Amino acid sequence: STMPAEPGQALLAEEGAAGSGTSLQRNILQSARAHSAGSQPGLSRFVTSAQNPWDHGDYSREDLVRIIAEQQSDTERLFASPITGDTEILGSIFPRPPANLTFKDVSFSIPMPDGSRKTILEPVSGHFESGELVAIMGPSGCGKSTLLDMLASKKTASYEGDIRVNGLKRDHLFQRIAAYVGQEDVMPQHWTVREAVEFNTSLKQTVLRNVPTELGSKGVDLVLAAFGLTGVANTFIGGDKIRGCSGGQRRRVTLARGIAQRASLLFADEPTSGLSATDAELCVKALRIMAKKFNVLTMVVIHQPRIEVANLFDRLVLLTANPGRMIYNGKMSETMAYWISVGYPVPQFCNPTDVYLDYITPGGQLDHVDEFVAAYRQRLEPGIRDHVDARLQETGMSAADMIASHHRLQEIAHMGPAAARLKALASPFHRQVSILLHRKKTLTMRNKQAIIMPIVVPVLVGFLLGVMFMDIGSKPFQQRLSFVFMLLTRICMGGMQLMPQLIDDRTIMKYDISERLYSVPAFIIVGVTVDISLSLIGAILNALIMYWLSSMDWKYFGMILMWALINFFVFDSFFSMLAAGSPSLQTAQVAAIPFNSIFMMFSGFMISKKSAPSYLTWIFEISPIGYAIQSIFCTMAKDAGEDGALVIQLYGFEEDQEMKGIIIMLVMALGFRAMQVLFLQYKNNIQK
C-alpha cells in the first residue's frame, strides 16, 4: 500500500529559529538512541552521546568541514583496525534515521504443472532493530534468498505475509531508505571501479553545497578502502569484452555500490560468494562498522562463514529446507548455548556454522531437522510471535519522515542541501540526465566498438557500394534509380548494427532501475542523444561517399539526404523498440527481418503500386521508404524527359505527397519511441 507523504512534508515545512531546529534534531537523535537501546541493551554503547556541535552559537561552515574530516578519519582508522563482535564502535553524529524491520507469517510457494503449489518457505516471523548486522543462513533450497527478496521488496512473484518498517507498511518511498545488493554483478565493462561507486553516490545522495568536493571524494575513498579496492580503483570493471578486475573484486564493487547509497536498510544476497575467507572477513567487517557507526540495519545471506566472520554478526536466522522452515532466530552469541539446550553441543575445535548446517541439512549424515524444527516451535517461536505482535502495534517514522528528518539534519548542520525530494527517485530529472550523459560519453570514448560500428563501418560500406555504383550518374535514368534505392536502404538498415549494444545497455539499465537510481525517460534521452549522434555522423559520411563516387548531379543530394535522414530516424526508433521489447538479441533481429522486408518490397520500387494486389495497397501508405522513393523519383523524373515520365507512369508514383509522408513518418517515429519507453518500463524486468 502507498503511504501518504504528508508527515514528511510537514517536517520539511517547519520554520523557526535555530533553537527549534536544534530541538528537532535532538529529538531525532534521541529517537534513534531509544530504538537502539530500548529493545537491545547491548547496542547502546554503539550510539554516540556527544553533544551536537551545531548546538554552539559560534558553529560555522569551517567547523562543519573539520567535523566531517574528523569523522572520516575515525572511520578510516576503524577500517584499518582489527575488530570483533565485542569491539565498541562509537556512532556517527550523522546517523541514518532508525529503521526497524518486522515481518509476520511471511511465506512463499510456486505453482506446479499439475495445478498444485510447492511450498518454498513456510510462514516465518521476526523483528530486527536498526544498527543490527543479521546473518541469514541455511542449506541450499531453504529459502534464504527468497526471504531476503521479500523483506527487500524485490520479490516479483506473489507471496504471503505482513512486512513493516517502523510498524508501517512499505510504500513507494521504501527504496529511498533501502539498498539491495543482489547476486549478480551487472555493470558496464568499461567503467572503472571508482566510477561505479561514485555513480551510485551521485544519484542517491543529496547535493550538499557547503561540503567541499574533496570531502565527497574522500568518502568514496573510504568505501573503496573498506572493501580492499583501493589498489584497483582506476581499473576497468571488465568482462568478456575487456580485461579488468577479478571476479572477486567485481563482487566487492557491487557491495561497495550498495554501501555508497547510505540507506537505513541494507539487504545483501550472498555478498561473500566467490571470495576468499580473508576477503569475506574484510567485507563483513566493513558491513559491521557501517551498521554500528551509521545505525544501518544490515541483513546478509551468507554461506557457512568461518568463526571470525560469524562472530561479527549480532543476530542469526537459520533456515532448513524441503520446505524452508525456521530453525533459529536469535542472537549469534547465544546460538551455541541453544544448541546445547537442544541436546547437540558443538564439538570443540569445530567451526560452529559448519556444525549448524550439518544438523539442519535434510538428508545429511547428521540430519536432525525434525528435532530442531520441533525445538524452535516449542521454545523460540512463541516468544518471537509475541515480540512481533507487540512491535507491529508500535509505529515510528515513515519513509517520508526519515527522508525529511535526514534533510533537516543536513540543514541544521549547515551542509547546504538541495531541496528535499519526497519522491521515489532521489535525484531530480535534470541531474539524472547529466550523470547518465557523462557516463555514456565516457564509456563510448573508451569502447572502440562503440565508435567503429556506427562510424567506421558505414564509411567502409559507403566506399564499397560507391565503387559498385561508380559513375552511375552518367547512365540512363532507370539505372540511377537503383542507386537511390540502395543508398536509402543502406542508411535505413544502419540502425540494426546498434541492437547488440542497445540490449547490453538495457540489461544494465534494468538493474539500475530496480534500485531506483534513475528513470527510464532519462536513460532513453541519453541513449538517443549519444547513439543517434554517432549514427548520424556515420549515415551522413556513408551518403556523401556513395554520392561522390556515383557522379550523380549534386543538386539532388540535399533532397536525397533529407529523406534518408528522416527514414533513419523512423527505422532507428523501430529497431530501438524491438531491442527494448525482445528478450534477446536473436529474437530482436529475427523480429526485424519481416518488417524490413515488407517496407523494402512495398517501397514502390521493387513492387509498384500498379502491380501490387489491391488488398495490399494499404501497405504503401505506411512504408516510410516508399514516400522517400516517390518524392525523389518524381523530382528527378522532371529532368529526365520522356524516360522520366515513362518511369513515373510505370511505377504509379504521385506528386505532392511529401507533407503526408512526413506526417506519417513523424507519427511512426514517435509511436515507436513511446513503445520503447513502455517496453523498457514493463517488459524484461528482473524476475525474483
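Since we're looking at a predicted model, the values are computed, not measured.
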Participant: So which heavy atom on Val526 is nearest to which on Val433, and how close?
Facilitator: CG2-O, 3.6 Å
Participant: Could you verify whether a donor N or O on one side chain and an acceptor N or O on the other, from Asn684 and Lys510, lie under 3.5 Å apart?
Facilitator: no
Participant: Would you say Ser398 and Asp401 are linked by a side-chain donor-acceptor pair, where the criterion is simply a distance under 3.5 Å?
Facilitator: yes
Participant: Looking at Thr230 and Ala225, what are the two nearest heavy atoms and their distance?
Facilitator: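 What the structure gives for the nearest pair is OG1-CA, 3.3 Å.
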Participant: Can you confirm if the aromatic rings of Phe267 and Tyr180 lie within a centre distance of less than 6.0 Å?
Facilitator: no
Participant: Taking the six-membered ring for Trp, are Phe108 and Tyr159 ring centroids under 6.0 Å apart?
Facilitator: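 For Phe108 and Tyr159, the ring centres are not under 6.0 Å apart.
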Participant: For residues Ile259 and Leu287, determine if any side-chain heavy atom of one lies less than 4.5 Å from a side-chain heavy atom of the other.
Facilitator: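 Counting from C-beta outward, Ile259 and Leu287 do come under 4.5 Å.
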Participant: So, using salt bridge (Lys or Arg N to Asp or Glu O under 4.0 Å) as the criterion, who are the partners of Arg251 when residues are at least two apart?
Facilitator: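 With sequence neighbours excluded, Arg251 shows a salt bridge (Lys or Arg N to Asp or Glu O under 4.0 Å) to Asp185, given in chain and number order.
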Participant: Going by heavy atoms in the side chains, are Ser482 and Phe605 under 4.5 Å from each other?
Facilitator: yes
Participant: When you check the side-chain N and O atoms of Thr201 and Glu198, is any donor under 3.5 Å from an acceptor?
Facilitator: no
Participant: Look at the aromatic rings of Phe483 and Tyr547 and report parallel, tilted or perpendicular, splitting at 30° and 60°.
Facilitator: tilted
Participant: Could you report the tightest heavy-atom contact between Leu255 and Cys283, atom names first, then the distance?
Facilitator: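 Smallest heavy-atom distance, with atoms named: CD2-CB, 3.9 Å.
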Participant: Step by step, would you call Val530 with Leu437 a side chain to side chain contact (heavy atoms under 4.5 Å, CB included)?
Facilitator: CA-CA 8 Å; Val530 177; Leu437 184 60; 3.8 Å; yes
Participant: Give, for atom OG of Ser514 and atom OH of Tyr511, the distance between the pair rounded to the nearest 0.5 Å.
Facilitator: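 Answer for the OG-OH pair, Ser514 versus Tyr511, is 8.0 Å.
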Participant: Please report the interatomic distance CZ(Arg490) to CG(Leu487), rounded to the nearest 0.5 Å.
Facilitator: 9.5 Å
Participant: Do Gln183 and Ser145 have a side chain donor and acceptor closer than 3.5 Å?
Facilitator: yes
Participant: Should the pair Glu621-Lys660 be classified as a salt bridge under the 4.0 Å nitrogen-to-oxygen rule?
Facilitator: yes
Participant: What is the distance from atom NZ of Lys204 to atom CG of Leu425, rounded to the nearest 0.5 Å?
Facilitator: 7.5 Å
Participant: In terms of ring plane angle, is the pair Phe571 and Phe575 parallel, tilted or perpendicular, where the classes change at 30° and 60°?
Facilitator: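 Because their plane-to-plane angle lies in the 30° to 60° range, the rings of Phe571 and Phe575 count as tilted.
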Participant: Please confirm whether the backbone N or O of Lys688 pairs with a side-chain atom of Thr156, one donor and one acceptor, at under 3.5 Å?
Facilitator: yes
Participant: Any carboxylate oxygen within less than 4.0 angstrom of a Lys/Arg side-chain nitrogen, looking at Arg176 and Glu515?
Facilitator: no
Participant: Taking the six-membered ring for Trp, is the centroid-to-centroid distance between Tyr627 and Trp563 below 6.0 Å?
Facilitator: no
Participant: Among Ile532, Leu561, Leu488, Ile540, which residue meets the side chain to side chain contact (heavy atoms under 4.5 Å, CB included) test with Phe568?
Facilitator: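 Passing option: Ile532.
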Participant: My understanding is that only residues two or more places apart in sequence, or in another chain, count here; which of them pass salt bridge (Lys or Arg N to Asp or Glu O under 4.0 Å) with Asp512?
Facilitator: Arg257, Arg439
Participant: Can Ser576 and Ser573 be counted as having a side-chain donor-acceptor contact under 3.5 angstrom?
Facilitator: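 The answer is no; no qualifying pair exists.
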Participant: Do Arg252 and Gln249 meet the criterion of a side-chain donor-acceptor pair at a distance under 3.5 Å?
Facilitator: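 No pair is found: no donor N or O on one side chain lies under 3.5 Å from an acceptor on the other.
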Participant: Going by distance alone, is a donor N or O of one side chain under 3.5 Å from an acceptor N or O of the other, for Ser519 and Gln432?
Facilitator: yes
Participant: Any side-chain donor-acceptor pair under 3.5 Å between Gln189 and Asp240?
Facilitator: yes
Participant: Decide yes or no on salt bridge (charged side-chain N to carboxylate O under 4.0 Å, His left out) for Lys144 and Asp269, but give the supporting numbers first.
Facilitator: CA-CA 9 Å; Lys144 302 185 298 295; Asp269 193 1; over 6 Å; no
Participant: Give a yes or no on whether a salt bridge exists between Lys241 and Asp504, defined as a side-chain N under 4.0 angstrom from a carboxylate O.
Facilitator: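 A salt bridge links Lys241 with Asp504.
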